[in-house]
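Because the structure is a prediction, the values reported are computed rather than measured. Each ligand, and each atom within it, is numbered from 1 in the order the structure gives.
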Amino acid sequence: MIQEEYSIDKRHNKQIQIQADFVVIGGGLSGVCAAITAARKGTKTVLVQDRPVLGGNASSEVRLWALGATSHMGNNNRWSREGGVIDEIMVENLYRNKEGNPVIFDTVLLEKVVNEENITLLLNTSVSSVEKSDDRNIKSVFAFNSQNSIEYTINAPLFCDASGDGIVAFQAGASFRIGAESKEEFGELFAPDKSYGQLLGHSMFFYTKEVDHPVKYVAPSYALKDITQIPRHKIIRKDMTGCNFWWFEYGGRLDTIHETEEIKWELSKVIFGVWDYIKNSGEFKGVENLTLEWVGNVPGKRESRRFEGLYMMKQQDVLGQQSFDDAIAYGGWALDLHPADGVYSELSGCTQWHSKGVYDIPYRSFVSKDIDNLFLAGRIISSSHVAFGSTRVMVTCGFGAQAVGMAAAVCKEDNLLPAQILEKGNIKKLQNELNLTGQSILNVPIDSASNLVNVGQLSASSSLKLSQIPADGDWLKLNVSAAQLLPVKAGQRYSFKVTVKAEETTELDVQLRRSEMATNYTPEIILESKTIGLKQGEQVIEFSFDATVEEDLYAFVTFMQNNKISIRESKELITGVMTAFNGVNEKVSNDGSQRPPKGIGVDEFEFWIPNRRPEGKNMAMEITPAIEAFNVQNLGNGFVRPWLTANAWVADLNDEKPALKIEWQEEKEISEITLFFDTDFDHAMETVQYGHPEDVIPFCVQNYVIKTLDGELVREVTGNYQTINKISLDTALKTKGLVIEVEHPSAHVPASVFEVVCR
Ligand SMILES: Cc1cc2nc3c(=O)[nH]c(=O)nc-3n(C[C@H](O)[C@H](O)[C@H](O)COP(=O)(O)OP(=O)(O)OC[C@H]3O[C@@H](n4cnc5c(N)ncnc54)[C@H](O)[C@@H]3O)c2cc1C
């Protein structure tokens, strides 16, 4: 028994001091990715999260689907899903939770973090104040956990504020902004005026379920009574749930930090009022057995403070795809701004303008310009309000934050402050460390000097020569124009044979297209067009193009819309080869093309988007000469995803024992072998609600064996589903060569590997 006598002195909570290398405040996807990345490089990291679960807006407390450059697969950013830790998380979630249960996503995040021995995770612990060691440095943060009544003082040389509202950066005195810049300040022609609104509001959602008996609903007295106060109420459907209600937004004209409780009450009023409308207005049929299953109580916050870093991103950087020497991540979501009146606005819930392709995000935007030992991550990074409209999505936030985690590790190792990474070539080291973990910084390959494969001889049992995509699939009706993306060779003329079916005599227009910027997938340039007469019925058409391209790149062999025509598809899926359609995706404001009003600095272009599997097949065709873009030399080229070309070694599907060989003239000492597999960087892996057709991406090699040249087993792996397999050897292996035997993932998918890194 514990018994304490009355004390006239004030009592104190239990106090704990923690010393770390790096403290991350906020356990959203940004904080999680920063902490894991730093910890894996040996940095003692404390992750402080004020909620019982991780994930922030992606957690089961808020339930937003995490997205990034793939943008619901609704824009032109091909193969753009973010790599590294955020990819590992998304792929793990797909494997365990393809149905998109938010509670399971919580467990994926928690497990990833608690598995890191260098992370001290403090859940339910809220950072409330900061102590500085001098004008420009933070000494410690103070945090309190109301569940265990412990007060923590956490000291470290480096801090990362990933808290969303920027509690640490704010208290440390860093300069910040709330609201939108004027058009004049940075020449941002899309900058909104006050009447549209200059700050995004919060949102909360609800889930419902159908039971086997009628359920009555009595709304609380604070529920919204008059549904017509929501001008867009006509679009509400009884089966809408969760983040389909992203437009239940409020607070864009309030103080989104200090008035959050008031905003939350208004959102509760909307939720219960809308549910009352669905259940009791008589406007909806078949709602008797529906009941509320879950209602958000933690508002999802979109925007508050943005802190000033060494560089502030702006509209032109996003839409102009500005490249930066200090790029450490990329973005690809649209500039996505919302009317400040949110759910009560007559305007569309959002205005989205896409760039033609992905764009660089510079390291400087993550480094506070005022506080020397402070990194910024997540939605508070140094972006203008307009650029933030794109950088704010969670996978982009996590992707940038893992660069912060790696930067913290580099700072620790080399005794640097964050800004010193910009000096003496340190940024190259940071970029390379990131690329070795899958970051795929645009146009920056893994440094060839960091891979022993590059001083060896590579060979393979076979390499795909793409002369035929077999005609063994269904028929694809040309309701919209469709294109086969092929990694063609510079200066080469190609001819094609394609099986088509016409309902009546008609004409098919075929075009060879390419993108103005070779690394984009906006095929604005029509290199050549042909019109082919078709008779009724099934037939094989033959056509060739005289036009060629000047550099190796993805060409679009395009079949223009004609709904009397169908094209034969193939069951075969091949790494680095895909189809795209001039299709519509309303979720990201894509109605087939982007047609902006004049004077807002936005490009006009067509959207060419993929179909999600199980659709999303290749078009069957014979190609002459065969495309030889899949050979083994791709393995050391430093790129771990398609970019200008396939960048993968792909085996021939007829090769029964596909294998790679790396031979060195002299014995090498190898302590780490990293294989980069294809988990379809084009597939947006929305974390909730969406549901995905498969738990293992069909392109991914699942079974493989690594041996020495003498046949000594180094590692056998079965059931792989992850993109990156890093094999760390306890004792360095001394060998003159390695053989990697890979199994084809299935009868319709040849084995492929993007990169093998030996160190
Ligand atoms: C309704 C809505 C729709 C959106 N749509 C999408 C979408 O479709 N896809 C997408 O990817 N993004 C979307 N976004 C944007 C995205 O959710 C945010 O921009 C993103 O969550 C920002 O990431 P973050 O890590 O900075 O912040 P958060 O996800 O908010 O994470 C910050 C974490 O820090 C914690 N924290 C805060 N203060 C403290 C403290 N003092 N001490 C300790 N911990 C603290 C918070 O609890 C939180 O868990 C949307 C946002 C909203 C609100």
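Which parts of ligand 1 touch Ser30 is read off a 4.0 Å heavy-atom cut-off, strictly below it: atoms 23 (O), 24 (P), 25 (O), 26 (O). In summary, the atoms of ligand 1 found under 4.0 Å from a heavy atom of Gly27, numbered by their order in the structure, are 33 (C), 34 (O). For ligand 1 and Ala66, the ligand atoms under 4.0 Å from any heavy atom of the residue are 11 (O). Within ligand 1, the atoms closer than 4.0 Å to a non-hydrogen atom of Ser203 are 1 (C), numbered from 1 in the order shown. Those atoms of ligand 1 that come under 4.0 Å of a heavy atom in Arg51, given as number and element, are 47 (O). Per-residue contacts place Gly378 under 4.0 angstrom from the following atoms of ligand 1 (heavy atoms of the residue considered): 26 (O). Within the listing of ligand 1, atoms 53 (C) sit less than 4.0 angstrom from a heavy atom of Lys301. Close approach of ligand 1 to Arg302 is summarised as follows: ligand atoms under 4.0 Å from at least one heavy atom of the residue are 1 (C), 2 (C), 3 (C), 51 (C), 52 (C), 53 (C).
The distance between the ring centers of Tyr330 and Phe399 falls below 6.0 angstrom. Ring to ring, Phe170 and Phe307 are not that close: their centroids are 6.0 angstrom or more apart. Aromatic rings from Tyr521 and Trp79 are positioned such that their centres are separated by under 6.0 Å. Ring-centre distance between Trp294 and Tyr207: below the 6.0 Å cut-off. Annotation: Phe375 is not in aromatic contact with Phe366 [ring centroid separation under 6.0 Å not met]. The aromatic ring centres of Tyr152 and Phe144 sit 6.0 Å or more apart. Here Tyr222 and Trp265 bring their ring centres to under 6.0 angstrom of each other.
Looking at Val127, Leu47, Val53, Val393 and measuring to atom 40 (C) of ligand 1, the nearest heavy atom belongs to Val127. Taking only non-hydrogen atoms, the option from Thr391, Asp336, Ile167, Leu64 nearest to atom 6 (C) of ligand 1 is Leu64. Residue nearest to atom 53 (C) of ligand 1, selected from Ala58, Gly300, Ala162: Gly300 (by heavy-atom distance).
Between Arg379 and ligand 1, an N or O atom pair is found at a separation short of 3.5 Å. Ligand 1 has a nitrogen or oxygen under 3.5 angstrom from a nitrogen or oxygen of Arg392. Checked by distance only, ligand 1 and Phe205 stay at 3.5 Å or farther apart across all their nitrogen or oxygen atoms. Of the N or O atoms in Leu67, one or more lie within a sub-3.5 Å distance of an N or O in ligand 1. Looking at ligand 1, you'll find an N or O of Asp50 within less than 3.5 Å of one of its N or O atoms. Annotation: Trp333 places no N or O atom under 3.5 Å from an N or O atom of ligand 1; distance criterion only. Looking at Ile25 next to ligand 1, no N or O pair under 3.5 Å apart turns up. Distances between N or O atoms of Gln49 and those of ligand 1 include at least one value under 3.5 Å. Residue Trp65 has at least one nitrogen or oxygen atom sitting less than 3.5 Å from a nitrogen or oxygen atom of ligand 1, judged on distance alone.
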Intermediate values then yes/no, side chain to side chain donor-acceptor pair (under 3.5 Å), Ser304 and Arg379: CA-CA 9 Å; Ser304 55; Arg379 64 181 168 88; 3.1 Å; yes
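Protein heavy atom closest to atom 33 (C) of ligand 1, with residue, atom name and distance, is Gly28 N, 3.6 Å. The closest protein non-hydrogen atom to atom 27 (O) of ligand 1 is Gly164 CA, 4.2 Å. At the top of the distance list for atom 37 (C) of ligand 1, counting protein heavy atoms only, stands Ser163 O, 3.1 Å. Of the protein's non-hydrogen atoms, Met394 N, 2.7 Å is the one closest to atom 11 (O) of ligand 1. What sits closest to atom 17 (O) of ligand 1 on the protein, heavy atoms only, is Asn57 ND2, 2.8 Å. In terms of protein heavy atoms, atom 34 (O) of ligand 1 is closest to Gly26 CA, 3.2 Å.
Distances shorter than 4.0 angstrom do not occur between any heavy atom of Val168 and any atom of ligand 1. Heavy-atom distances between Val48 and ligand 1 reach below 4.0 Å in at least one pair.
A donor-acceptor pair shorter than 3.5 Å cannot be found between the side chains of Asn118 and Thr45. A side-chain donor-acceptor contact under 3.5 Å links Ser440 and Arg641. In this model, no donor atom of one side chain and acceptor atom of the other lie less than 3.5 Å apart for Arg177 and Ser384. A donor-acceptor contact under 3.5 angstrom links the side chains of Ser175 and Asp370, judged on distance only. Between the side chains of Ser382 and Ser365, no donor-acceptor pair of N or O atoms lies under 3.5 Å.
In this pair, Trp65 and His72 present their aromatic rings perpendicular. The plane angle is above 60°, beyond the 30 to 60° band. Using cut-offs of 30° and 60° for the angle between ring planes, the Phe245 and Trp247 rings count as tilted.
Under 4.0 Å from ligand 1, the heavy atoms of Thr125 that appear belong solely to its backbone.
In summary, of the residues considered (Arg78, Arg612, Arg613), a salt bridge (Lys or Arg N to Asp or Glu O under 4.0 Å) with Asp680 occurs for Arg613 alone.
Heavy atoms from other residues, nucleotides or ligands lying under 6.0 Å from CD of Gln15 number more than 12.
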